[in-house]
Amino acid sequence: MMRRFVLPTFFILLSLIAISLALPSGTELLSHTFEKRNNCQCSFAIADFNSGSVKGVVTFSQDETGCTEVAGIFSRGFNDTHASYGFKIVDECYRELFDLSSGLNITPDGCGGTNAFRHKFNINIDCNSNGFLTKVLHNDKRNCHSDNKLRKRLPNGAITTQNGQSSGYAGLTK
């Protein structure tokens with residue numbers, strides 16, 4: 001009768017030892033187990049290039065860690081296969097906030113558009129004041145408009161560049 005319980009008892013004891021070794025010792029992580037690990041909400045934004053010479057769409061998807069996956073494709077406006085193309089986030093005055101060119105590596109497809117591109121950046125959309133939608137270089141509402149009238153600040157936008165020059169613009173919408 002005793003032999004029936006030896007094997008299950010040995011297995012239970014071995015399991016308890018393995019579990020205790022896997023748990024952190026002292027106050028390492030166990031005290032923080034139930035704390036929220038991430039501070040950002042998942043968020044999504046889009047830049048729809050639907051007017052002018054450049055046509056395409058770029059999406060921005062923020063995860064709970066504040067990193068943003070940027071993906072997109074263009075169907076028109078990239079005819080010069082020898083040109084250097086880029087992508088930047090700009091404020092309402094077209095001042096550069098973020099240059100995403102090197103990470104996205106936008107390449108023409110030979111038919112006037114681009115190959116699909118995608119890259120994950122350690123930049124957020126709206127998690128803090130340094131995000132794609134929230135970063136501000138100025139607070140002056142008369143800063144870049146020629147009529148010098150007070151006006152509501154416009155949202156940040158996205159531009160494509162060809163050989164360093166702006167070639168297309170789209171507003172960022174959430």
Side-chain angles (χ1 to χ4, degrees), residues 29 32-146 151-174:
L29 295 174
H32 303 291
T33 302
F34 298 110
E35 286 183 14
K36 189 173 181 181
R37 292 185 186 107
N38 304 306
N39 299 325
C40 296
Q41 292 182 343
C42 293
S43 195
F44 185 81
I46 190 167
D48 187 6
F49 292 82
N50 60 4
S51 62
S53 62
V54 175
K55 301 272 187 215
V57 65
V58 179
T59 62
F60 305 83
S61 178
Q62 172 182 286
D63 63 20
E64 62 276 354
T65 65
C67 293
T68 302
E69 180 102 20
V70 179
I73 191 166
F74 292 96
S75 61
R76 194 171 84 190
F78 294 79
N79 297 320
D80 187 353
T81 57
H82 301 294
S84 172
Y85 293 101
F87 188 84
K88 298 178 181 183
I89 304 298
V90 295
D91 68 4
E92 66 177 315
C93 300
Y94 289 75
R95 290 182 292 215
E96 180 183 314
L97 301 175
F98 302 99
D99 187 350
L100 308 180
S101 303
S102 63
L104 293 178
N105 191 25
I106 299 172
T107 57
D109 64 4
C111 299
T114 66
N115 297 308
F117 52 87
R118 183 176 98 184
H119 186 76
K120 190 169 193 171
F121 293 93
N122 192 17
I123 306 171
N124 66 76
I125 294 175
D126 58 359
C127 186
N128 59 35
S129 63
N130 196 36
F132 289 139
L133 294 178
T134 55
K135 186 169 184 176
V136 177
L137 290 180
H138 67 85
N139 288 317
D140 184 3
K141 295 181 180 180
R142 298 180 191 180
N143 200 6
C144 63
H145 303 287
S146 61
R151 63 180 74 220
K152 184 178 178 185
R153 187 180 173 280
L154 298 172
N156 293 339
I159 62 168
T160 57
T161 61
Q162 180 177 347
N163 295 326
Q165 300 299 313
S166 175
S167 60
Y169 173 84
L172 290 173
T173 56
K174 191 169 175 184

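These numbers come from a predicted model, not from an experiment.
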Grab the two heavy atoms, one from I123 and one from T68, that are nearest each other, plus how far apart they are. O-OG1, 2.6 Å

Taking every heavy atom of G77 against every heavy atom of Q162, the minimum-distance pair comes out as O-OE1, 4.5 Å

Inter-residue atom distance K174.NZ - I46.CD1, 0.5 Å rounding: 14.5 Å

Between Q62 and F132, does the side-chain contact (heavy atoms from CB on, under 4.5 Å) criterion hold? Intermediate values first, please. CA-CA 10 Å; Q62 172 182 286; F132 289 139; over 6 Å; no

On a heavy-atom basis, which atom in F74 and which in G56 lie closest, and how many Å separate them? CD2-CA, 3.6 Å

Rounded distance (nearest 0.5 Å) linking atom CD1 of I89 with atom CD1 of I125: 9.5 Å

Just so I know, are the side chains of T160 and S167 near enough to count as touching, which here means a heavy-atom distance under 4.5 Å? yes

Among D126, N128, N122, find the one that has a side-chain hydrogen bond (donor to acceptor under 3.5 Å, both in side chains) with N124. N128

From CG (N79) to SG (C111), nearest 0.5 Å: 10.0 Å

Minimum heavy-atom separation for N156 to E92, with atom names? OD1-N, 4.4 Å

Looking only at non-hydrogen atoms, find the nearest pair between A47 and A158 and report the distance. CB-CB, 4.1 Å

Separation between CZ of F98 and CG of N130, rounded to the nearest 0.5 Å: 4.5 Å

Can you say whether the rings of H119 and F121 are parallel (under 30°), tilted (30 to 60°) or perpendicular (over 60°)? perpendicular

Tell me every residue that passes salt bridge (Lys or Arg N to Asp or Glu O under 4.0 Å) with D48, counting only those two or more places apart in sequence or in another chain. none

I'd like to check F117 versus V58 (side-chain heavy atoms, cut-off strictly below 4.5 Å). Are they in contact? yes

What pair of heavy atoms forms the shortest contact from C127 to N39, and how long is it? SG-O, 4.2 Å

Listed partners of R76 passing side-chain hydrogen bond (donor to acceptor under 3.5 Å, both in side chains), at least two apart: none

Report all side-chain donor-acceptor pairs from residues 80-87 shorter than 3.5 Å, counting only partners two or more places apart or in another chain.
from, atom 1, to, atom 2, distance (Å)
D80, OD1, H82, N, 2.9
D80, OD1, A83, N, 3.4
Y85, OH, D80, N, 3.3
Y85, OH, D80, O, 2.9

Is any side-chain heavy atom of V54 closer than 4.5 Å to one of Y169? no

Rounded to the nearest 0.5 angstrom, the CD1-CZ distance for I73 and F49 is 13.5 Å

So, taking the atom named CG in L133 and the one named CZ in F60, what distance separates them when rounded to the nearest 0.5 Å? 8.5 Å

